[in-house]
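These numbers were taken from a predicted model, which means no experiment stands behind them.
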Amino acid sequence: MTVPTRARPRARTVATAPPARGRRWRRHRPRTFYLFASPWLLGFVLLTLFPLGYALALSFTNYDGFSPRWGFVGLRNYETAFTDPDTWSSLLRTLVFVVVVVPATIAVGLFLAALVNQRVRLRGVFRAIFFLPVVVPPVASAFVFRMLFDRDSGAATWLLAFFDQGPVEWLVDEKALVVLLLMIMWRVGSSMVISLAGLQGVPRELGEAAAIDGAGPWKTFTRVTLPVMSPVLFFQLVIGVIETFQIYLPALLLASAGQASLNASPGEGLYFYMVHVYSEAFANGNLGYASALLWLLTAVTVGYTAVMFRATRKLVYYESGPGGREEAP
Amino acid sequence: MMTRMAGRLRRAGIYAVLVVCAGLFLLPLFWLLTIALKGPGELQAFPPHVLPEVLRWDNFTKALTYVDFLGYARNSVIIAVLYSGLVTLSSAMVGFALARLPAPGKRAVFAVLIGSLMIPHIITLIPTYLLFSKVGLLNTYWPWVLWGLSGSSFLAFLFRQFFAGLPTELEDAAIMDGCGYFRAFWQIFLPLAKPALATSFVLSFVWIWGDWVMPVLLLDDDRSTLAVAVGSLYTSPNSGPLFHLIAAAAVMYSLPVLVLFLFLQRLFIRGIATTGMR
């Protein structure tokens with residue numbers, strides 16, 4: 001899905017025709033291409049494909065990282081994955097979170113993009129402020145949100161005290177999801193920037209034509225701007241679902257700010273699928289089982305990507321390609 | 001007359017929304033700063049103090065010495081510069097090849113590259129960790145060198161977009177001058193790509209600076225980075241995490257990348273808008 005979205009507009013401008021007098025070069029080109037691409041190709045094989053294959057092999061064993069006596073267990077890890085209640089509950093929690101976070105991020109990002117795309121003073125400053133949290137290191141932002149929602153000293157408690165409400169234990173059960181949601185939404189600036197590039201790629205004549213035809217600003221936005229921007233939004237949807245499905249670090253760091261460790265479990269409320277994988281791998285030492293869980297996730301991700309790739313041809317409007325993404329710096 | 005009034009109202013409404021949103025976005029940073037300036041006892045006060053009673057600037061000097069802050073900062077800088085420099089160079093090479101060098105199988109390579117954007121680091125990390133431990137690379141900076149050398153799909157895509165936008169006459173000129181592709185890349189294309197190079201370096205620098213999971217997996221605490229130090233080392237055996245020191249350390253840890261962003265906003269925004277990398 002992102003393949004045509006991003007590649008298509010550029011494909012036209014790629015220098016496919018060799019320069020007229022480049023006979024000497026032309027002979028060397030195929031080899032040259034692979035020489036230039038070799039660092040990435042080698043790296044992809046050694047640091048992505050090989051580990052994935054290694055994990056696949058491990059997923060059929062009961063390897064635990066220490067014990068010398070381990071062996072082939074066939075599909076038992078996969079059977080366990082399907083019967084393990086923790087797998088299902090973490091999967092459900094992850095799905096619910098994805099369904100809330102991804103549309104919310106895209107919507108708020110688009111809203112902010114539309115705001116800072118207006119001709120207002122200081123819009124550069126506002127853009128910078130909205131983007132700033134994206135740059136804050138995750139360890140620091142998790143700590144801040146943990147402190148904002150601290151039971152005793154948090155800003156949330158201070159606000160509640162105004163309404164004569166007592167302190168709330170935010171970071172235990174399901175309430176922690178709210179804190180995590182806000183923490184993720186704080187970084188909405190990256191989505192804003194992508195949507196802003198999309199907005200700026202909408203040809204002005206289109207809006208003017210709509211205005212001449214008597215469409216108001218809202219109608220112009222929903223009938224002209226949104227359809228033209230749909231590839232940009234669709235791209236965010238696909239990437240956002242994949243990324244959020246693998247949410248792990250923000251949950252871990254939020255739950256254990258100040259005492260973060262890979263062995264720590266963030267507790268029931270934030271027990272996502274990847275948290276399950278990592279706690280099986282590092283807290284329980286079930287590397288074989290964790291590898292099986294990783295492979296199930298990879299398979300689902302690939303399947304989802306393929307489905308979205310098909311769907312994009314029907315759902316998304318393409319004519320001149322997605323506006324802002326093709327701008328060359 | 002009516003439309004003018006409506007226009008003014010609309011404008012005022014936009015400003016109001018902008019200011020409220022800006023306040024919400026800055027609130028967490030403000031809160032971090034207030035904690036960094038509070039005394040240890042103040043964090044237990046109820047109802048909470050918004051502003052510290054006394055500004056405790058010595059929290060910052062304490063945070064510098066409670067753990068070896070500067071040592072961790074040095075490790076962070078070494079890893080970030082090593083990785084960002086290497087990854088920028090190798091991604092530029094791949095991006096150049098994809099944009100400028102036709103070859104059989106190139107479409108397939110590009111498809112694999114785009115597909116690999118869908119495989120996040122966190123999935124391959126457990127098996128990669130096992131591999132690195134097998135070949136004895138734990139507690140060294142070699143993994144970052146290898147990751148850097150192998151480039152990043154996001155950044156390769158960024159460079160591809162950049163190089164594809166340059167005019168074809170560049171190759172003609174290079175051929176006229178009689179230089180091969182490697183010299184053309186080094187002496188003509190790479191110098192032209194300064195904005196993309198800067199974008200790539202800065203994006204990867206900020207990413208590695210913020211990364212917590214790779215150093216915590218691969219490095220012992222004393223060789224680790226600031227992310228790990230801020231994330232887990234400011235604890236006292238008696239009273240648990242020392243929040244006011246963590247806050248002060250977090251401020252000092254975040255400051256370099258925030259300043260980098262404020263000076264180089266354009267690069268960040270363009271980089272993210274092109275690649276979708278977050």
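In this structure, B/Cys21 and A/Leu112 have side chains that are in contact, with non-hydrogen atoms separated by less than 4.5 Å. Taking the side chain as every heavy atom from C-beta outward, A/Tyr278 and B/Leu125 approach each other to under 4.5 Å. For the pair A/Pro138 and B/Trp212, the minimum side-chain heavy-atom distance is 4.5 Å or more. Contact annotation: the side chain of A/Phe282 approaches that of B/Leu217 to within less than 4.5 Å [non-hydrogen atoms, C-beta and beyond]. Between A/Tyr54 and B/Leu131 there is a side-chain heavy-atom pair separated by less than 4.5 Å. Two residues are said to be in side-chain contact when any heavy atoms from C-beta on lie closer than 4.5 Å; B/Val109 and A/Leu41 meet this criterion. By the 4.5 Å heavy-atom criterion applied to side chains, B/Thr128 and A/Phe50 are not counted as neighbours. Residues A/Leu132 and B/Leu262 are in side-chain contact: their nearest non-hydrogen atoms beyond the backbone lie under 4.5 Å apart.
Minimum interatomic distance between A/Arg121 and B/Tyr15 (heavy atoms only, all atoms of both residues): N-OH, 2.8 Å. Contact between B/Pro28 and A/Val144 at its shortest, heavy atoms only, is O-CG1, 3.2 Å. Taking each heavy atom of A/Pro137 and B/Gly210 in turn, the nearest pair found is CB-CA, 3.9 Å. Nearest heavy atom pair, residue A/Ala55 against residue B/Pro127, reads CB-CG, 3.8 Å. Across B/Ser116 and A/Trp40, no two heavy atoms sit closer than the pair OG-CZ2, 3.8 Å. The two residues A/Leu297 and B/Ile123 make their nearest non-hydrogen contact at CD2-CD1, 4.0 Å.
The greatest number of non-hydrogen atom pairs below 4.5 Å with chain A, out of B/Met93, B/Arg11, B/Arg266, B/Gln265, is found for B/Met93. Ranked by non-hydrogen atom pairs under 4.5 Å with chain A, the options B/Leu113, B/Thr34, B/Thr235 are led by B/Leu113. The candidate with the highest count of non-hydrogen atom pairs below 4.5 Å against chain A, out of B/Ala103, B/Ala250, B/Gly231, B/Ala22, is B/Gly231. Counting heavy-atom pairs under 4.5 Å between each of B/Leu146, B/Val216, B/Val112 and chain A puts B/Val112 at the top. Note on A/Leu253, A/Thr301, A/Val125, A/Val302: by heavy-atom pairs under 4.5 Å with chain B, the leading option is A/Leu253. Contact count versus chain B (heavy atoms, under 4.5 Å) is highest, among A/Gly43, A/Pro133, A/Ala37, A/Pro51, for A/Pro51. With chain B as the partner, the residue from A/Thr298, A/Leu42, A/Val136, A/Val120 showing the most heavy-atom pairs under 4.5 Å is A/Val120. When the candidates B/Gly240, B/Ala227, B/Gly151 are compared by the number of heavy-atom contacts under 4.5 Å with chain A, B/Ala227 comes out ahead.
Neither the backbone nor the side chain of B/Leu255 comes within contact range of chain A, judged by heavy atoms closer than 4.5 Å. Only the side chain of A/Phe111 comes within contact range of chain B, with at least one heavy atom under 4.5 Å from a heavy atom of that chain. Only the side chain of A/Leu287 comes within contact range of chain B, with at least one heavy atom under 4.5 Å from a heavy atom of that chain. When heavy atoms are compared at a cutoff of 4.5 Å, B/Val230 approaches chain A by way of both its backbone and its side chain. For chain A, no part of B/Ala193 is nearby; none of its heavy atoms comes within less than 4.5 Å. Within the 4.5 angstrom heavy-atom criterion, only side-chain atoms of A/Ile242, from C-beta onward, approach chain B. At a 4.5 Å heavy-atom cutoff, the contact between B/Tyr129 and chain A is made by side-chain atoms alone. B/Val19 touches chain A through backbone and side chain together, each having a heavy atom under 4.5 Å away. A/Gln259 touches chain B through backbone and side chain together, each having a heavy atom under 4.5 Å away. Interface remark: A/Leu160 contributes no atoms to any contact with chain B (heavy atom separation under 4.5 Å). Contacts between A/Phe130 and chain B at a heavy-atom distance below 4.5 Å involve backbone atoms as well as side-chain atoms. Contact of A/Met274 with chain B is made through the side chain alone, with heavy-atom distances under 4.5 Å. Residue contact with chain A, scored on non-hydrogen atoms closer than 4.5 Å, is absent for B/Arg107. Within the 4.5 angstrom heavy-atom criterion, only side-chain atoms of A/Ala281, from C-beta onward, approach chain B. Neither the backbone nor the side chain of B/Ala156 comes within contact range of chain A, judged by heavy atoms closer than 4.5 Å. Contact annotation for B/Leu245: neither backbone nor side-chain heavy atoms come within less than 4.5 Å of a heavy atom of chain A. Interface remark: A/Tyr63 contributes side-chain atoms only to the contact with chain B (heavy atom separation under 4.5 Å). Within the 4.5 angstrom heavy-atom criterion, atoms from both the backbone and the side chain of A/Thr48 approach chain B. Contacts between B/Val251 and chain A at a heavy-atom distance below 4.5 Å are absent for every atom of the residue. When heavy atoms are compared at a cutoff of 4.5 Å, B/Lys134 approaches chain A solely by way of its side chain, counted from C-beta outward. Only the side chain of B/Ile35 comes within contact range of chain A, with heavy atoms under 4.5 Å apart. Heavy atoms of A/Leu122 lying under 4.5 Å from chain B are absent altogether. Heavy-atom distances place both the backbone and the side chain of B/Ser254 under 4.5 Å from chain A. Using a 4.5 Å cut-off between heavy atoms, B/Ser153 contacts chain A through both its backbone and its side chain.
Rounding to the nearest 0.5 Å places CZ of A/Phe143 at 13.5 Å from OH of B/Tyr253. Distance check: B/Leu101 CG to A/Arg31 CZ gives 12.5 Å after rounding to the nearest 0.5 Å. Taken to the nearest 0.5 Å, the NZ atom of B/Lys38 stands 8.0 Å off from the CE atom of A/Met147. Summarising the geometry, atom CG belonging to A/Leu58 is positioned 6.0 Å from atom CG belonging to B/Leu130; distances are rounded to the nearest 0.5 Å. Here CG of B/Leu117 is found 10.5 Å from OG1 of A/Thr305. Values are rounded to the nearest 0.5 Å. One finds the CD atom of A/Glu280 at 10.5 Å from the CD1 atom of B/Ile126 (value rounded to the nearest 0.5 Å).
A donor-acceptor pair is defined here as one N or O able to donate and one able to accept, closer than 3.5 Å; no such pair exists between the side chain of B/Tyr181 and the backbone of A/Phe33. A donor-acceptor contact shorter than 3.5 Å links the side chain of A/Trp186 to the backbone of B/Phe25.
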- [ ] Please report the C-alpha distance between A/Ile129 and B/Leu26 in whole Å, then the side-chain angles of each, then the deciding distance to 0.1 Å, and finally whether the side-chain contact (heavy atoms from CB on, under 4.5 Å) criterion is met.
- [x] CA-CA 7 Å; A/Ile129 291 175; B/Leu26 288 177; 3.8 Å; yes
- [ ] Begin with the C-alpha distance, continue with both residues' side-chain angles, and end with the deciding distance and a verdict on side-chain contact (heavy atoms from CB on, under 4.5 Å) for A/Leu47 and B/Phe132.
- [x] CA-CA 10 Å; A/Leu47 296 174; B/Phe132 283 154; 3.8 Å; yes
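Using cut-offs of 30° and 60° on the angle between ring planes, the pair B/Phe182 and A/Phe36 is parallel.
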